[in-house]
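Notes follow once the structure below has been shown.
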Amino acid sequence: QVHVEESGGALVQPGGSLRLSCAASGLTFDAYAIGWFRQAPGKEREWVGCISSSADTTYYADSVKERFTISRDNAKNTVYLQMNSLKPEDTAVYYCAADLYGSVSPSSKNYEYYEYWGQGTQVTVSS
């Protein structure tokens, strides 16, 4: 049984940093690309970025580029989302998702490509 779980969400002040983790079990983790998405209240789900199965390729949404970094440790079956210079508009529930097609491209922003999803973790940026 596949299980995907995000952790690390918290309340943080504007300009602060936070690192989210995405842990998965029940699948061949190093075969899957991982995407991060977020959804703010009253808004549609938004793609944040993604990382290929081998970690050699990443893509980011323009809204987070140069502030957020995705990395992975396949030995720990975990992907990380390092978020710096956080803004109030980054407030959302953050989700990670696994895609068996291990490569990524700009098309990886399509949530329909992802087979397995976590339940999300809340990030609130506020003073």
Side-chain angles (χ1 to χ4, degrees):
Q1 183 177 358
V2 176
H3 183 71
V4 178
E5 183 173 9
E6 305 88 346
S7 62
L11 170 65
V12 61
Q13 292 188 342
S17 297
L18 202 60
R19 189 178 79 161
L20 305 184
S21 298
C22 170
S25 60
L27 49 72
T28 306
F29 186 77
D30 61 6
Y32 284 75
I34 300 294
W36 283 96
F37 295 78
R38 65 187 182 184
Q39 188 164 20
K43 295 188 176 181
E44 294 186 350
R45 180 167 29 187
E46 176 189 16
W47 172 74
V48 174
C50 57
I51 187 167
S52 63
S53 58
S54 61
D56 61 350
T57 307
T58 54
Y59 287 97
Y60 299 93
D62 288 343
S63 59
V64 306
K65 201 173 294 183
E66 298 184 4
R67 298 190 299 123
F68 290 11
T69 302
I70 301 173
S71 62
R72 67 190 295 160
D73 184 342
N74 285 341
K76 295 183 178 180
N77 282 17
T78 302
V79 168
Y80 304 99
L81 177 64
Q82 177 67 44
M83 304 185 294
N84 299 326
S85 302
L86 283 162
K87 305 175 182 180
E89 50 264 42
D90 294 318
T91 295
V93 177
Y94 283 71
Y95 301 90
C96 65
D99 175 12
L100 181 56
Y101 187 70
S103 299
V104 294
S105 73
S107 298
S108 298
K109 63 182 66 176
N110 186 339
Y111 69 89
E112 294 180 340
Y113 288 170
Y114 296 85
E115 290 86 12
Y116 303 108
W117 290 78
Q119 294 299 306
T121 186
Q122 176 70 48
V123 172
T124 302
V125 185
S126 175
S127 54

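Clustering ILVMFWY residues whenever any of their side-chain heavy atoms sit less than 4.5 angstrom apart, transitively, puts V104 in the very cluster that holds W117.
The CD atom of Q39 sits 12.0 Å away from atom OH of Y94, with the distance rounded to the nearest 0.5 Å. In this structure, S63 OG and D90 CG are separated by 7.5 Å, a value rounded to the nearest 0.5 Å. Note that the CD atom of E6 and the CH2 atom of W36 stand 6.0 Å from one another [nearest 0.5 Å]. In this structure, the separation between CG on N110 and CH2 on W47 is 11.5 Å, given to the nearest 0.5 Å. Taken to the nearest 0.5 Å, the CG atom of L81 stands 5.5 Å off from the CD1 atom of I70. For the atom pair CG of L18 and CG of L86, the computed distance is 6.5 Å after rounding to the nearest 0.5 Å.
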(request) Report the C-alpha separation of T121 and L20 in whole Å, then their side-chain angles, then the decisive distance to 0.1 Å, and conclude whether the side-chain contact (heavy atoms from CB on, under 4.5 Å) test is met. (result) CA-CA 8 Å; T121 186; L20 305 184; 4.0 Å; yes
(request) List the steps, then state whether side-chain contact (heavy atoms from CB on, under 4.5 Å) holds for E46 with K109. (result) CA-CA 8 Å; E46 176 189 16; K109 63 182 66 176; over 6 Å; no
(message) Show, in sequence, the C-alpha distance, side-chain angles and deciding distance for K65 and D62, and conclude whether the salt bridge (charged side-chain N to carboxylate O under 4.0 Å, His left out) test is met.
(response) CA-CA 5 Å; K65 201 173 294 183; D62 288 343; 3.0 Å; yes
(request) Could you please spell out the steps behind the ring pair (Phe, Tyr, Trp, His ring centres under 6.0 Å) verdict for Y114 and F37? (result) CA-CA 11 Å; Y114 296 85; F37 295 78; 5.3 Å; yes
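Looking at heavy atoms from C-beta onward, S108 lies out of side-chain contact with Y59 at the 4.5 angstrom threshold.
Contact between C96 and I34 at its shortest, heavy atoms only, is CB-CG2, 4.3 Å. Between V12 and G16, the closest heavy-atom pair is CG2-CA, 4.0 Å. For the pair T78 and S21, the tightest heavy-atom approach, listed with the atom from each and the gap, is CG2-CB, 4.1 Å. Across all their heavy atoms, S103 and A33 have their closest contact at O-CB, 4.1 Å. Shown here for P14 and S126, the closest heavy-atom pair between the two residues is CD-C, 3.6 Å. Here the closest heavy-atom approach between residue L27 and residue A98 is recorded as CD2-CB, 4.4 Å.
S52 places a side-chain N or O within 3.5 Å of a backbone atom of T57 that can act as its donor or acceptor partner. Side-chain N or O atoms of T28 include none that pairs as donor or acceptor with a backbone N or O of D30 at under 3.5 Å.
Note that R19 lies in the cation-pi zone of Y80, set by a 6.0 Å cut-off to the ring centre and a 45° limit from the axis. Figure legend: cation-pi geometry between R72 and F29, with NZ or CZ positioned under 6.0 Å from the six-membered ring centre and within 45° of its axis. A cation-pi geometry, defined here as NZ or CZ lying under 6.0 Å from the six-membered ring centre and within 45° of its normal, does not hold between R38 and Y95.
Note on ring orientation: taking the six-membered ring where Trp is involved, the planes of Y116 and Y32 are tilted (angle from 30° to 60°).
Judged purely by distance below 3.5 Å, without hydrogens or angles, the side chains of T91 and Q122 never pair a donor atom with an acceptor atom. For the residue pair N84 and S17, a side-chain donor N or O sits within less than 3.5 Å of a side-chain acceptor on the partner.
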